[in-house]
Structure formats: C-alpha cells, structure tokens
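Heads up, the thing below is written out as structure tokens.
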Amino acid sequence: MPAVLGYWNLRGLGQPIRLMLAYTGEEYEEKRYEMGPAPEYSREQWLTDKTKLGVPFANIPYYKDGDTIIVQSRAIMMHLARKHNLYGSTEAEKIKADEIASQVLDTLMSFIQVCLATYFYKTDYKTKKEEFLKGLPNILKSYSDFLGDNSWVGGKNITYADFNLYELLDWFRMFSPGCLDQFSNLAGYCKNFEALPAIKKYMASAQFIKNPVFGPFADWGA
Ligand SMILES: N[C@@H](CCC(=O)N[C@@H](CS)C(=O)NCC(=O)O)C(=O)O
C-alpha cells in the first residue's frame, strides 16, 4: 500500500514534502483536507482524523507508511532524505542542509506573522507588510551569500533543504515580484530547481498547487 501524506489543500508546510516526493518518484497518496467557509473556517474534516491518527502529537502534515506515522514537517523530510539519499554525502553537506532547513523555518515564521497578521496576530497587515518588505533584501542577501556559487544548498548535490529553500523563494517572488532580480544566484537556483525533470513534470500536472499558499483567512496567499 502506498504511503499517505495528509495536509490541507494548500501549499503551506506540505508543499516542500510534495515536491520532495515528486522528485524521488515515490508512490504515495494524498489526503487533502478542506477548511470550511468564513467566518468559522471549520477544521472539522481534519479534526475528525486527528483523533484517529493514534500518535500523541497528531498534526498535519503527517506521513503514514504502513505502521510508521510521522508528524512534524522537518521530521518527515529528514526521513525521506535518509530513505532517498537526499541528506548530503559529506558531513559538511549535511550541516549546510540542516542549517538551511532550520533557517527557512525561522524565516517562514516571520513571514507568516505578516501573511496572517489580521486573523491570527490581530495586527495591521499593511504595516507588517511594509516592515517586512524593507527587510526582505537583507534576508535574501543572507541566503544569496550562503548559496554563493554552489548549485544547491549543500554544494554539488541536492538535499532535502533545497525543497525548503525553493518553496520559500517562490513565495517571496509571488509576494514581492522582482525581489530576486538583484540576486542572480537565487534566481538561477529557482530556475534550475524548476528544470529538474521530475519537478517540471509535477509542476505541469493537475496535482500541483500554485495557489493558495495559506488558508482562506490569510491577508496574503489565501
Ligand atoms: N511544527 C509543525 C507545525 C504543524 C502545524 O502547525 N500545522 C498546521 C498547518 S501548517 C495545522 O493546521 N495543524 C493542525 C492542528 O494543529 O491540529 C510542523 O512543522 O509540521
């Protein structure tokens, strides 16, 4: 029986895992949960399954392969990385992959505070957006410096962290068109990622989600 990936029917934390599964060619099925309409945005569909998942920290995304149930997006990606040899071949590559995977989650947290400003954080979206856009070139410069002339985050070989970084950069390109123009290595990196045959095929398929990035309550990406 193929493995099952459970997540909302949107990009969010599920998308780097979907990209990784597409890249590896692993056979899997998806359970895509839908939220209800405003103003409740009912999570009932997921909550019904949550109690049945049978793990103490039930959450989405989850990955179920036979008796193995994994929650936490990073844990799922690291499992897939070990399974499909996407964890770097040297210790230096592994360190870089782990650093960027964690760094992307940190960056994501600050971005999420902007995109979900009104609904979750009860703050003003416009102000948050302006602040974030001011700091975005500095954020991108750090990723650009980290990548340098390397093809991938770890160096020569693609690792699980590249699926995190590509997804982040693509969101930023959608949020602030042209933001990668002054970082040619990051723009080239995205182009190379999208040209990977399995990724290209996946992005052209009906399974691929371009939008939404976040839930229907988001100020941006809904
Ligand atoms: N740290 C967790 C965060 C998981 C999480 O917050 N999931 C959100 C969607 S992005 C959710 O709606 N979880 C359902 C729940 O809390 O029941 C991860 O990386 O997987």
Side-chain angles (χ1 to χ4, degrees), residues 3-22 26 28-65 68-83 86-87 97-123 125 128 132 153 159-172 174-175 207-222:
V4 177
L5 175 68
Y7 193 61
W8 297 116
N9 191 14
L10 48 85
R11 286 172 74 161
L13 294 176
Q15 193 80 343
I17 303 170
R18 293 183 183 121
L19 290 169
M20 213 175 159
L21 286 164
E26 180 172 316
Y28 74 106
E29 287 171 1
E30 279 199 70
K31 182 116 198 215
R32 292 186 177 183
Y33 297 96
E34 297 284 353
M35 287 179 210
E40 289 87 8
Y41 305 111
S42 165
R43 304 187 324 144
E44 208 42 50
Q45 231 184 56
W46 152 240
L47 294 178
T48 307
D49 272 10
K50 185 171 184 168
T51 49
K52 295 186 209 145
L53 207 59
V55 293
F57 294 110
N59 213 330
I60 39 178
Y62 65 77
Y63 174 84
K64 195 169 181 299
D65 190 6
T68 306
I69 299 170
I70 312 173
V71 289
Q72 291 296 332
S73 53
R74 267 209 71 184
I76 297 168
M77 292 183 75
M78 290 168 90
H79 166 74
L80 294 175
R82 290 188 293 268
K83 190 169 167 185
L86 287 170
Y87 206 151
D98 288 346
E99 277 180 344
I100 281 297
S102 295
Q103 190 60 52
V104 166
L105 281 181
D106 283 359
T107 307
L108 218 55
M109 281 322 293
S110 58
F111 188 51
I112 284 172
Q113 285 174 28
V114 178
C115 300
L116 305 184
T118 309
Y119 186 75
F120 267 131
Y121 297 97
K122 316 288 179 222
T123 49
Y125 170 64
K128 286 294 222 184
F132 190 83
V153 157
T159 63
Y160 77 97
D162 288 296
F163 299 84
N164 292 120
L165 180 58
Y166 168 79
E167 186 63 9
L168 180 79
L169 295 176
D170 194 46
W171 294 6
F172 283 165
M174 290 161 69
F175 183 74
Q207 281 82 48
F208 180 68
I209 305 174
K210 182 70 184 170
N211 277 300
V213 173
F214 296 115
F217 36 72
D219 295 292
W220 179 86

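Just follow the structure's listing: the first ligand is 1, and inside any ligand the first atom is 1. Bear in mind that the values here come from a model prediction, so they are computed numbers and not experimental data.
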What about Trp8: any of its N or O atoms under 3.5 Å from an N or O on ligand 1? yes
Closest by any non-hydrogen atom to atom 8 (C) of ligand 1: pick that one out of Leu53, Ile60, Val71. Ile60
Go through ligand 1 atom by atom and flag the ones less than 4.0 Å from a non-hydrogen atom of Lys50. 15 (C), 16 (O), 17 (O)
Can you check whether Tyr63 and Tyr28 have ring centres sitting under 6.0 Å from each other? no
Nearest-contact summary for atom 20 (O) of ligand 1 - protein heavy atom, Å: Ser73 N, 2.8 Å
Val153 backbone acceptor or donor facing Asp162 side chain under 3.5 Å: yes
Hey, can you tell me if Phe120 and Phe217 have their rings parallel, tilted or perpendicular (30° and 60° cut-offs)? perpendicular
So which heavy atom in the protein is nearest atom 10 (S) of ligand 1, and how far is it from that ligand atom? Tyr7 OH, 3.1 Å
Between the side chains of Asp219 and Tyr119, does any donor sit under 3.5 Å from an acceptor? no
Heavy atom to atom 3 (C) of ligand 1, shortest distance: which of Leu10, Leu13, Ile70 holds it? Leu13
Under a plain distance cut-off of 3.5 Å, with no hydrogens placed, do Tyr160 and Arg74 share a side-chain donor-acceptor pair? yes
Interfacing atoms of ligand 1 (cut-off 4.0 Å, heavy-atom, Pro61): 20 (O)
Is the shortest N/O to N/O distance between Gln72 and ligand 1 below 3.5 Å? yes
When you measure from the side chain of Glu167 to the backbone N and O of Pro16, does any donor-acceptor pair fall under 3.5 Å? no
Centres of the Phe132 and Phe172 rings: under 6.0 Å? yes
Of the choices Asp49, Leu47, Asn59, which has the non-hydrogen atom that lies closest to atom 15 (C) of ligand 1? Asn59
